[in-house]
There are 2 protein chains.
Amino acid sequence: MTDRNRPTLATVAARAEVAPSTASLAFSGSSRVAPATRERVLAAAAELGYAGPDPVARSLRSRRSGVVGAMIGERLAYAFTDPVAVQLLDGVTEVLSPLGVGLLLLPGDADRQGPTVDQLAHVPLDAAVYATCGLEDDPALAHLQRRGVPVVAVDGPRLDDVVFIGIHDRRGTADLARHLAGLGHRRVAVVAMPLRLDGTRGPVTAARRARAHYRDVRERLLGVEEVFGPVPAVEGASNSVGEGERAGRALLDVPAADRPTAVVAQSDLMAAGVLRAAQELGLRVPEDVSVAGFDGVELPWLAPVRLTTVAQPTTEKGRVVGRAVAELVEGRRPEDVVLDVHVSVGTTTGPAPG
Amino acid sequence: MTDRNRPTLATVAARAEVAPSTASLAFSGSSRVAPATRERVLAAAAELGYAGPDPVARSLRSRRSGVVGAMIGERLAYAFTDPVAVQLLDGVTEVLSPLGVGLLLLPGDADRQGPTVDQLAHVPLDAAVYATCGLEDDPALAHLQRRGVPVVAVDGPRLDDVVFIGIHDRRGTADLARHLAGLGHRRVAVVAMPLRLDGTRGPVTAARRARAHYRDVRERLLGVEEVFGPVPAVEGASNSVGEGERAGRALLDVPAADRPTAVVAQSDLMAAGVLRAAQELGLRVPEDVSVAGFDGVELPWLAPVRLTTVAQPTTEKGRVVGRAVAELVEGRRPEDVVLDVHVSVGTTTGPAPG
DNA sequence: TTGAAAGCGATACCAG
DNA sequence: CTGGTATCGCTTTCAA
């Protein structure tokens, strides 16, 4: 706690009787310094209790901070209830941690979708990952670009100067829709994740769709429509079990003749909510209604039920993001990557009733 | 991506025809600069596409980086399955984000309990929070202290020069134990969280206990013993539903005469596992066995069951940590804080059978 | 209220 | 392989 003068590289160099530049080389592990000299420097450092070169000073000179921002749409307590978000970041840190690069959490809050410019402005950043947050018309994005901070958008929009890492949302959902069509389903409805984070829920209108923030939500909707044509869709206010349940009830709590025979939820979390809604309404799954999700996350508490879903390689996607970031930090421009997904048939889909 | 020269404060100052020091004041919002001058500087910045002072250079001079490290014991995918960890960090960021301070994730991996010195060495840090990770004999801690980075330990050991923020683990567990004693329970067993993260599971021996990494695990054990004396305890390899189930089975899958009438799990996650073990063994809760947890997290999927538990104010604990960090960053030495907990009786505890 | 100059602590570059 | 020196971009201190 005391503010006694900590040793600097110059102090250490003086003690070891070498030039500062030599001491620097000793710490950077360069092979262009004699082993004996390095030993002397390290010994001097140990004696002085020197913890190594100051990261901030090093950053200024070398033009990298070892910090990568993770832009989060909501507050952490919400964002991290989604296993997909957690797995993604897990994959990212798996790649970045060994490189001495850390992920800086930049969450939004209840009102704002993502961090503000004020939050970003004071923080060093080698790159930024839009992890769980849209970025169209985002002032934070403009700020990052002015600063020259390279950006990776996960599932985000495809913009110039932004590296895109995503999955085949549309194709995957279309495959799922074909699976349902093959089972004889004709009346299908969608439970959609938020099109933008403004607390809205309810039927998705064309106007609402036009103002969508999230590319993946749009694409997954298009995938279903590719097979079934326009279908009713109900949006949840957040990607959660509770909102899935609410939307599911809106769709299922109607006369049997109007009821969809299959509900496609845009996430497994929301699908679990639809399952619960069905149960509360006394509907059997899949006999009365089929339910499918998206993501392929582990929801052990659903056992013995296994959700039919579109499985995405979330952790691997995180690793791909991590590698892209690593390249960006080294000044290269990585390729966009679109990963494959596949339909995983569980116990929640079956032949259409009737 | 292009590396064209970005403007610096000096460029902006030149354009606005003021000295760099004046331009600096304009950006820091100091009142010691004439409004007209500030306008001129800001206008020049806008014209040049200047995004504001470089955070790294600013950090070097002002001696703070706006980055606080979050030391995580395991990889994120595991650490963040625990709602307690997420809520804690949520509280921390709630306080820190508005201050322009970000949390840097520093996870361990499958093998290591917490980040390595290499991970830390290159990263700027105003402070570090041991969020989900023990820190006795931790080389990372030694590194931080040599660097002069102040440390906050959440539930961690009480060490000199480390700010402690915790809860009344022992008192809370003892209160819970008294609740059980009042219900007539005499044969009580404990399902313990890992005493250290080395993959060990099984009965807790005295030797194992002596090597415990985590203060809270020890204290919660002592709380039960305060009321019941020595009790059998089984440790899980991680704080999770699966490990709770496994430990619960070890305790419950025995002749009825030897079976505990109540199981105290050290977390709600593990208690949920015990519940499942009981169910699989055909034991009714609470008629055949009472089950209690710790934390007071929301587990909506348990509904309609409500766990008896020791509720801790996790988000508030995070805010307290955030405030402590904020003080530390400003050079003050905050007080240690120990928060209260309370027993929350649900539907999983009842009178001892027989 | 503004300007000039001195670093913050390290690395990069160029000589030797 | 080692040393000197300029410089990274800004804030701070001190004068004017």
Side-chain angles (χ1 to χ4, degrees), chain A residues 3 5-41 44-45 48-66 100 121-126 146-149 331, chain B residues 3 5-41 44-45 48 50-66 100 121-126 146-149:
Chain A
D3 216 346
N5 287 341
R6 302 197 168 276
T8 72
L9 188 53
T11 326
V12 174
R15 173 126 186 177
E17 299 181 305
V18 297
S21 53
T22 304
S24 175
L25 290 179
F27 277 103
S28 72
S30 162
S31 58
R32 303 181 351 190
V33 65
T37 312
R38 147 156 339 101
E39 285 311 313
R40 208 140 43 83
V41 173
L48 293 169
Y50 178 71
D54 179 332
V56 174
R58 172 213 286 271
S59 299
L60 180 58
R61 198 65 250 248
S62 62
R63 313 215 54 76
R64 37 158 110 178
S65 63
H122 298 311
V123 141
L125 245 31
D126 288 344
R146 263 200 306 275
R147 263 172 72 174
V149 175
Chain B
D3 216 346
N5 287 341
R6 307 203 161 271
T8 71
L9 188 55
T11 327
V12 174
R15 172 124 187 182
E17 299 182 304
V18 298
S21 53
T22 304
S24 173
L25 290 179
F27 277 103
S28 70
S30 162
S31 58
R32 303 181 351 189
V33 65
T37 312
R38 142 147 354 92
E39 284 311 312
R40 209 141 40 84
V41 173
L48 293 170
Y50 178 70
D54 178 331
V56 174
R58 174 213 284 273
S59 298
L60 180 59
R61 200 62 250 246
S62 62
R63 315 216 51 76
R64 37 159 111 175
S65 62
H122 298 310
V123 140
L125 245 30
D126 288 344
R146 262 200 306 276
R147 264 172 72 175
V149 175

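All figures in this text were calculated on a predicted structure; none of them were measured in a lab. Each chain gets a letter, A, B and so on, in the order its sequence line appears, and its residues count up from 1.
The two residues Leu125(A) and Val149(A) make their nearest non-hydrogen contact at O-CG2, 3.8 Å. Minimum interatomic distance between Gly100(B) and Val123(A) (heavy atoms only, all atoms of both residues): O-CG2, 3.8 Å. Shortest non-hydrogen contact noted between Val56(B) and Leu60(A) is CG1-N, 3.4 Å. The two residues Thr22(A) and Val33(A) come nearest to each other via the heavy atoms CG2-CG2, 4.0 Å. Among all heavy-atom pairs drawn from Ala45(A) and Phe27(A), the shortest one is CB-CZ, 3.7 Å. Residues Pro124(B) and Pro55(A) share a closest heavy-atom pair of N-CB, 3.8 Å.
The side-chain hydrogen bond (donor to acceptor under 3.5 Å, both in side chains) analysis of residues 53-65 of chain B, with sequence neighbours excluded, yields the pairs His122(A)-Arg58(B), Ser65(B)-Asp126(B). Each salt bridge (charged side-chain N to carboxylate O under 4.0 Å, His left out) pair with one or both residues in residues 17-37 of chain A, not counting sequence neighbours, would appear here, but there are none.
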Q: Verify side-chain hydrogen bond (donor to acceptor under 3.5 Å, both in side chains) between Ser24(B) and Ser21(B), making sure each step is shown before the conclusion.
A: CA-CA 5 Å; Ser24(B) 173; Ser21(B) 53; over 6 Å; no

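No engagement by Val56(B) is indicated, since no non-hydrogen atom pair under 4.0 Å with the nucleic acid exists. Within 4.0 Å (heavy atoms only), Ser59(A) reaches no atom of the nucleic acid at all.
Extent of DNA chain C lying under 4.0 Å from chain B heavy atoms, first and last nucleotide in 5' to 3' order, is dT1(C) to dG9(C).
Residues passing the salt bridge (Lys or Arg N to Asp or Glu O under 4.0 Å) test with Arg15(A) are Glu47(A), sequence neighbours excluded.
Axis angle between the ends of the helix from dT1(C)-dA16(D) to dG16(C)-dC1(D), five pairs each and rounded to 10 degrees, works out to 30°.
Mapped onto DNA chain C by nearest heavy atom, Glu17(B) and Pro55(A) fall at different nucleotides, with Glu17(B) at the one closer to the 5' end.
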Q: Between protein and nucleotides 11-16 of chain D, map the contacts as a letter string: B base, S sugar-phosphate only, - none, heavy atoms under 4.0 Å, written 5' to 3'.
A: BB----

